[in-house]
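The structure appears below as structure tokens.
For clarity, every value in this text was computed on a predicted model and none was experimentally measured. Letters A, B, ... mirror the listed sequences (proteins, then strands); counts begin at 1.
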Protein chains: 2
Amino acid sequence: MSGKRRASANVTIIDIAREAGVSKSTVSLVLKGSSLVAEETRDRVSKAMSKLGYVYNRGAANLRGAQSSIVGMVINDLANPFFAELAIGIERVLRTSGYIPFIANTAESVVRQAEVVRSMREHGASGIILCPALETEGREVNDLLDLGMPLILAIRRVPGARASLVASDNAAGAARVAAHLISLGHRRIAFLGGMEAMAVRKDRVAGFTRALEEAGLHADPALMLESMPSKDGGFTAMSNLLTRSEWPTAVVCFNDVVAIGAMLAMGRKGAVAGRDMAITGFDDTAEARQISPPLTTVAVDAGDLGERAAQMLLRQIASGSRTPETYIGEARLVVRESCCPPPRKRKVS
Amino acid sequence: MSGKRRASANVTIIDIAREAGVSKSTVSLVLKGSSLVAEETRDRVSKAMSKLGYVYNRGAANLRGAQSSIVGMVINDLANPFFAELAIGIERVLRTSGYIPFIANTAESVVRQAEVVRSMREHGASGIILCPALETEGREVNDLLDLGMPLILAIRRVPGARASLVASDNAAGAARVAAHLISLGHRRIAFLGGMEAMAVRKDRVAGFTRALEEAGLHADPALMLESMPSKDGGFTAMSNLLTRSEWPTAVVCFNDVVAIGAMLAMGRKGAVAGRDMAITGFDDTAEARQISPPLTTVAVDAGDLGERAAQMLLRQIASGSRTPETYIGEARLVVRESCCPPPRKRKVS
DNA sequence: GGCATGATATGGAACGTTCCAATAAATTTA
DNA sequence: TAAATTTATTGGAACGTTCCATATCATGCC
């Protein structure tokens, strides 16, 4: 009563074999769709399987070296629609090749990430696409590679990791939005969001700074604000910024969700993006189009990046090669209504 | 060369045992954290494990009847933020109990759903939380239950299924928005989105119809429009509606993403929600607040539903009971700016 | 010294597959 | 008709774990 409580004891190929009057080997052959077994026998076995409610035991098969058909997809923030789009792109490719992607969320926790990755390895995942959590170290990634696990890093590069990477051109994208704002006449431009330690942020800040310098400006350290790369993070950081006596005239946000959080914070103070302050995002998620005012941002095509990552992974699984490859997707400026020229009078409240 | 290409041959507890100078049984005990093994031995074994890069083989363990610590989470539309919120709620509960949720997306395909569920069973999932795809039959769900698989249906009920259910009060919610629109003076109210066959839609339509009838109105079949429960679906259906010579003055949308799609379609024709037509949603996703105008909708608290579903599943796994339970979450009306009284002149173009 | 006792450690069978080598039966070839 | 070939089928070992029953070795007690 307190022990095993499996409703129906597990049905195995041996039970099927007995029922169909053949050997377990024959059942195994039927399972693999082998042409070595006679039509009539195959039918009899199939009948027995559905009659007894047989469930294939993948664990036992893997034990004998069979390839499991799952691929792990480790995502740092499922609530960010950008990652949902990425996941869907990955799925588009994987499903056509017979792999089933299992998604797990780490919510930016490296501890959780380690658990999740371990669990996927334990279950015999054939490969992993990893959107690394915030403080992921190169070493963790390399350990995985050393075990021979096919692994693709997506979206976020990890310094020191020898893994393949699929990401967007962060520096170029950030430079493009910054140049756009400068051309509108902005001089005091803030960079808001993302954590200092993130490589992606470093890249975007580098592009941002470069654009400013090319225009003879310099990036003011007082206007470089950290935040978690989430809506809440953007909200908090912008709320702080708005308590200052002098506001920047434009804010380059780390990504779209940060920008949306920032715009929400502005709304609380009666300020409006595209009128009192120019705001830009990064990613071009569906939300960037829907929010009001529509967000000027950098289009990245998450779905395409997902497809590339999946293709790269499949290639590595098939070839057995672990040579790191890199794909950098284009980062296109998309101008919408969230950016205005600098207003004459800056302070609102 | 062409055969197995595992970078490092698999390390097993036997290798660890040899390295540490103990028997495999002792290694197994260390793995389980048993107190039967001496401190000093435990250390030696742990050292050997990290030295050789040991990976626990869950498949082999499951073979001996061990409980796998994964739970499957099958989601019909990952692109809908409502389901992302649900997933996060589920995760909040599961992670504290040592289970790791593996998420898989079915994109509303029953075929895909069957594949995904089978894969999860094959990998020894301890239970499944299922947001059923569009045309899921009661039989499919019952087959799963008959195998003894702990299973909770989330969000969408499936007629004929004997499974536990966690969902929101669809009829009451729809009745509330309809009553609200009627109190604003609307008489020609459309219901837009969702597929005829969906039980959830039937429930919402029933509440909608009841509210109309209580006000002495009747639901006009010409104003009941089907669509896929997605943004694209809402866009297409509203585009069609707008080609008619007479518009309704208010539209109750199946859910928020349909409503957002519908508002996008209105925008294309120069019409504005909350001015030319009242629009409502269902779910109260973050987007409902962010879009312009903010969407009047029915708040459902996806995170809470996710937590309930997870708790229910854990209870069933622990107790071994498969008695169906039901939790119906409250559906609260949230009034925002997307609803106006009926305009005097209706047609815009 | 003989004997329980408790603390650690261990061999071996079992779990459900796969796959090789072997067999049996039917068919073709010489 | 014997031998060779083809077509179907099968037993058994192996995969990496768990867990039971058993073994070893100090201790402490009579």
Side-chain angles (χ1 to χ4, degrees), chain A residues 2-4 6 8-46 48-49 52-69 118-119 121-124 147, chain B residues 2-4 6 8-46 48-49 52-69 118-119 121-124 147:
Chain A
S2 62
K4 292 278 120 63
R6 236 167 272 247
S8 50
N10 269 355
V11 178
T12 77
I13 53 169
I14 310 225
D15 301 318
I16 304 300
R18 195 176 310 122
E19 173 78 19
V22 296
S23 76
K24 62 179 173 34
S25 305
T26 305
V27 177
S28 177
L29 288 175
V30 171
L31 240 25
K32 317 227 78 170
S34 162
S35 58
L36 287 180
V37 40
E39 192 68 41
E40 191 268 337
T41 314
R42 184 197 315 282
D43 278 3
R44 204 143 33 85
V45 171
S46 304
M49 292 206 278
L52 301 190
Y54 171 71
V55 178
Y56 182 68
N57 186 329
R58 177 99 34 190
N62 287 352
L63 210 44
R64 286 284 317 190
Q67 267 296 353
S68 133
S69 60
R118 184 163 44 72
S119 181
R121 270 162 56 208
E122 288 179 3
H123 283 95
L147 285 167
Chain B
S2 62
K4 293 279 119 63
R6 240 166 268 246
S8 51
N10 270 356
V11 179
T12 77
I13 54 169
I14 309 224
D15 301 319
I16 303 300
R18 195 176 308 122
E19 173 77 19
V22 295
S23 76
K24 64 179 172 32
S25 307
T26 304
V27 178
S28 177
L29 288 177
V30 171
L31 240 25
K32 316 226 78 169
S34 162
S35 59
L36 288 181
V37 41
E39 193 68 40
E40 191 268 336
T41 314
R42 184 196 316 281
D43 278 3
R44 203 144 33 86
V45 170
S46 305
M49 292 206 279
L52 301 190
Y54 171 71
V55 178
Y56 182 68
N57 186 330
R58 179 92 43 185
N62 287 353
L63 210 45
R64 287 284 319 192
Q67 269 296 353
S68 129
S69 61
R118 184 164 44 72
S119 180
R121 273 162 57 207
E122 288 179 1
H123 282 95
L147 285 167

Per-pair distances, 0.1 Å, donor-acceptor, side chain in residues 24-35 of chain A, under 3.5 Å, sequence neighbours excluded:
residue	atom	partner	partner atom	Å
A:Thr26	OG1	A:Ser23	OG	3.3
A:Ser34	OG	A:Leu36	N	3.0

Whole Å only: how far is the [atom1] atom of [X] from the [atom2] atom of [N]?
X	N	atom1	atom2	answer
B:Asp15	D:dG16	CG	P	8 Å
B:Gln67	C:dC15	CD	C1'	15 Å
B:Glu122	C:dT17	CD	C1'	12 Å
A:Arg18	D:dT9	CZ	P	19 Å
A:Asn10	C:dT17	CG	P	8 Å

Under the salt bridge (Lys or Arg N to Asp or Glu O under 4.0 Å) test, which residues partner [X], sequence neighbours left out?
X	result
A:Arg44	A:Glu40
A:Glu39	none
B:Arg42	none
A:Glu19	A:Lys51

Sugar-phosphate, base or nothing in reach of A:Val55, heavy atoms under 4.0 Å: sugar-phosphate
B:Arg58 to B:Gln67 - nearest heavy-atom pair and separation: NH1-O, 4.1 Å
Residue A:Tyr56, side-chain heavy atoms: nucleotide from C:dT17, C:dC15, D:dT18 that is nearest: C:dT17
Listed partners of A:Thr12 passing side-chain contact (heavy atoms from CB on, under 4.5 Å), at least two apart: A:Ile14, A:Asp15
Contacts of type side chain to side chain donor-acceptor pair (under 3.5 Å), residue A:Ser46, not counting sequence neighbours: none
End-to-end axis angle, where each axis spans five pairs of the helix from C:dG1-D:dC30 to C:dA30-D:dT1, to 10°: 60°
Contact pattern, 5' to 3', of nucleotides 6-11 of chain C - B, S or - by protein heavy atom under 4.0 Å: --BSBB
